[in-house]
Amino acid sequence: MKTNVIFFYLFRFFAANKNWGSLTNSPTNKRESWRKLLWIKQDYPDNYVDSTFLKELEKNVNVRAYDYWNVLKESCVISQHISSIVIFIAVFIYLYLDMLSAQNLIISGTVFTIIGYIFWDKSISKTDPSYEYKRWKTAKGAVLFFATLLCLSPILKTLTKDTSSDTIWAVTVILFLTNMLFHDYGSGNRTNIKFPGSVSTNAAIFASVLLASRLPSNSHVFGLMSFAIEWFALFPIFRRYIKSLSVEFNIALTCLLFMLATILFLNISKTIVILYILGIAFITFVCPFWLIWIQKYKNEIHGPWDEARPKITTY
Amino acid sequence: MNTPGAVSKIFWPAHVCTPRTKAGFLVGWNIRSFTTCIAAVISDVKLSDLETTLSALSTDTNSSFVYMGKVCGAPPIVLGVLTTLFDINEGGNILNAEGVIDKRKTANLWMTIQLQSNNMPFLRSIYCCGYRYSDVSSEIIFYKQPNPTRLQYISLEPLVLDIQQNGGHKVDQDSLTMKNIKKIINTRLHSGKQRTQINDMKLILNQINSSFETETAIITRCRHFTDRRNCHSISVSESMLRSAIFIKKGFFYPIKYLLPFIRPILVQPIIVFLMLVRIFAEMVLWILNLRFPSSMFNGMALKDLSATSQQIDLRLQQACFWPWQYMLLRRRDWTNTSTTRAQYISFYNSMWLVANDIIIGLTIGSFLVNNNEYVANIILRDYLDHYTIEKLVLMIDWLMGWPAGLKLNSELDSFLGELFLRLIEIWKDCVGFIGPLIPSIIGIIGLSGMFGGSMVLSLLSDFLSFMTIHIYLFYMVAAKIFNWQLTILYSLFNLFQGKKWNTLRNRIDSCDYDLDQLLLGTILFTLLTFLFPTVVVYYATFAASRVAVIFLQAVMETLLAFLNHFPLFAIMLRFKDPDRLPGGLKFVICDPDYFATYGIARVVRRIKSFWPWNSQLHKMSIPSAIISPTVNNKSGMNSTLKPGRNSQNEESDQVIRIRKNRIKVDVNNSNFTSPTINSPTSPISTTSASWPPRVSYLFMQNLPIPLSAIFFQYLLLWRRLSSHYFSFYVLRCLVSGETIRPIARLQYPMLPETRPNLMNFWLFLKVSFAVHDE
């Protein structure tokens, strides 16, 4: 396999330079040093392999040595997302058990969304002056969307009336796992990204619809659905924005979410709280160490046979 | 050619092999060196007279014999003499007859054949240009003379009853036959001869087909010769005949005399009347074939919509076609006998079917007219009401609960249920309005029995489709809802995955949706997913009832096809006279005692030969090779490749010796031009040295066409029905909720593609009545 690649490379070289092949073919007494050129008749047998043959081979070019604390900081994104899912489930359980009224949820959700939006709007309009006209569009979209949701909530309420709850719980778990796996955790500075990966968002919304259909009244359904949209569609954008602002903010947000999830679930189930804390600890502290340890098994080779990569230089 | 292994091949008419046959001259064709086809044995005539007759025949332009000579390759000639045992006892006068000895010395081929005591012909001697070939083995192939007046003929290719057949199919069949024949011939290394051999076979078949006419023509003309010689005065019998003719003329004279006066009065109105009928038929056909605008009924023609109009269309087309077909039959056509025969069978078949149809129709019709109240009650109360309304209501009630434990969406379920129940109520009112009319409708259907049972059946079919129109509507509604939902679900599922159908590239591409699109789409997707089972249940119910109705209609369609296209005439011919339906040839080794007995004794002997313990006879009746290039039977061709039952030892199998009778039956050693199996001649030629030379007897028998060829219309119908209804298309329609289009009503290959137009019909009428005039 490897030799095939090398021969291909040699052939390519030969094909590119065959015009001046005849010029270099001059007989000399002294044994010339071997050259990696196929079109010249050389004093070496065909299967000769020179010591310089694999000179251009490179190993593990792209491997970076990770710093434990850096990796730990980066893992905050994952714990944030898990925390947000757990918080959502907790909110649903509160609604389901009537420990939280739908009005409160709607009001607080709206308030937080407006605050977040203003905050985001201010900072965006600083960097992107063309943002002005988008505000109107956003507002229109939001009104339309919430109106539709309001109309649909009676239908959504009775959607799974005849389906057993166990089915709904099972499907919801699967969908939230899908959401977690497909979520766009990208670490680059991507303030302009519109929304995280659509499969992930869709799975979360699907799960929310299922959960909402178990709730007793229309306002409950509307409250949970609007909360779901704020929480799974808008909040990740905000989180990404926070992360791009500063590391401290990010860590603070992580801790806040972690605390919130723990407190909310303390009333519901202690076991789940313990499991949740252990999971977060594993992801935050053990996994970075694991990643660094596993780096030593990395073995990749590069060489002139690789396909060419354009070098983009920005001026 | 003077090798000891030379073989003469003689096609011999089987009817000559009786003890009554007198010695005479052999008349026939010499195709190739020693291959001859004997048409007739002419006795009691002088050789010179016979030759004059033959030459007169071949130059007579008035008769069809000139053309026959062309078809057969050459005019018939005298090929030799036939002697019988009695003649030899009496002194063998025919051998010493005037001119025979000269002829033997000069003729290209001169055979002396003796009819033996068991009535088998036996080649005594053969002269070629005056040279006697000794030790020539002969192979005598009997054929049963086909009688063209009874429309019998033999051919390699099976008679194709499909008169509408297009050329492509025929070419296909030919190529298949040729391929198989080539395969057979290639086992013999003389592949260069194959083309001529096949042509020879065709020539021989033509000769055999015209042998009857040749024989009768020669016999009548020779009798004329002998009569003229015997007595110049009018014999008593002839004078009797003449007087009889005179009386006949006298009797018919007044009618013949009056006819010219009556004719002009009768002919013109008849022509005008026929023309008017024809114009009316043409108009009805035009209306029936007129297509609706594409917005209505999918742009279908009236005849595609109702079985009755289809039936009327078929009958009118047949009526337009019959005169033309009849005139076609009246003309004797030498070129393609098979087409004429097929037309003949088709014409009388359809005539017979129409007669049968009307008889059946009158029976059913009178029953319906007399019992219309009773039948209407049964149909309306017991079947239509019960199955199309009450059962449906029960079904919907069941669906509005939790059917079979399915978790349907109760709200949508009750909405759809109420909707359909309301529609059924409306339909019930309509039926209540129609109800009292039904006895009279049944009565009208009964009256239509005068036009045939098929008309009753098609009217019933239309009545059924009218009475189940609500099921059709429900099916359409349910299918539309189902189809919309399925389409929306599909595109929303794409949205769920962040993908989109790209119409420009006809593929699914990933797409960046806006956030609100994405969120709304997902919510709707969830919604529709959970409503889907409810819609599916209703759709499945109505689709199933629709399929049941379609099935009933297909059954009626099949019954109609049975009435309209049953090959009654062909089946009758197949049993009455299989020679009229040639489907290929079969060569059977002939028992040397085959012609020894005749009459009842032969029947007894043939029955005996079927007894399994009669091993000797059994062995002889093994068919050595069957030549039947049937239209669509490949295995039939394969069987010709492997003659004999056990092909382990080919050589021993192909040469069947029957020692007891000292006759060697060698099927294979033949230059015979048919596709029998040919093997190298060497093993036989080395062993042969002794007198008498070997004789082998084969009987060439006609293989009637198989029943599948007779029922070709049913095969075709079945193929079309199954390819439409058991196809992937229907399944896809059922699954995706597109409406199933019922098959366009079947037009069977009983009629030509185009019917003669009005102008042609006018000319046709004129000509046919003008012919009468003369």
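Bear in mind the structure is a predicted one, so any value in this text is a computation, not a measurement. A note on names: the letters A, B, ... follow the listed sequences, proteins ahead of strands, and every chain is numbered from 1. These values consider heavy atoms only, across backbone and side chains, with no hydrogens, waters or symmetry-generated copies.
When heavy atoms are compared at a cutoff of 4.5 Å, A:Lys137 approaches chain B solely by way of its side chain, counted from C-beta outward. If you measure heavy-atom distances from A:Leu149 to chain B, the contacts under 4.5 Å come from the side chain alone. Proximity to chain B (any heavy atom under 4.5 Å) is shown, for A:Thr158, by both the backbone and the side chain.
Taking B:Leu531, B:Leu412, B:Leu495, B:Ile523 one by one and counting their heavy-atom pairs under 4.5 Å with chain A, the maximum is reached by B:Ile523.
A:Tyr94 OH: more than 12 foreign heavy atoms inside a 6.0 Å radius. Counting non-hydrogen atoms of neighbouring residues, nucleotides and ligands closer than 6.0 angstrom, the CZ atom of B:Phe493 reaches no more than 12 such neighbours. In A:Phe112, the CZ atom is not crowded: 12 or fewer heavy atoms of neighbouring residues, nucleotides or ligands sit closer than 6.0 Å. More than 12 heavy atoms of other residues, nucleotides or ligands sit less than 6.0 Å from atom CZ of B:Phe532.
Interatomic distance, B:Leu519 CG to A:Phe145 CZ, rounded to the nearest 0.5 Å: 4.5 Å.
A:Asn202 and B:Phe496 get closest at one heavy-atom pair: ND2-O, 2.7 Å.
Contacts of residues 203-213 of chain A with chain B at a heavy-atom distance below 4.5 Å involve A:Ala203, A:Ile205, A:Phe206, A:Val209, A:Leu210, listed in sequence order.
Looking at heavy atoms from C-beta onward, A:Leu152 lies in side-chain contact with B:Leu524 at the 4.5 angstrom threshold.
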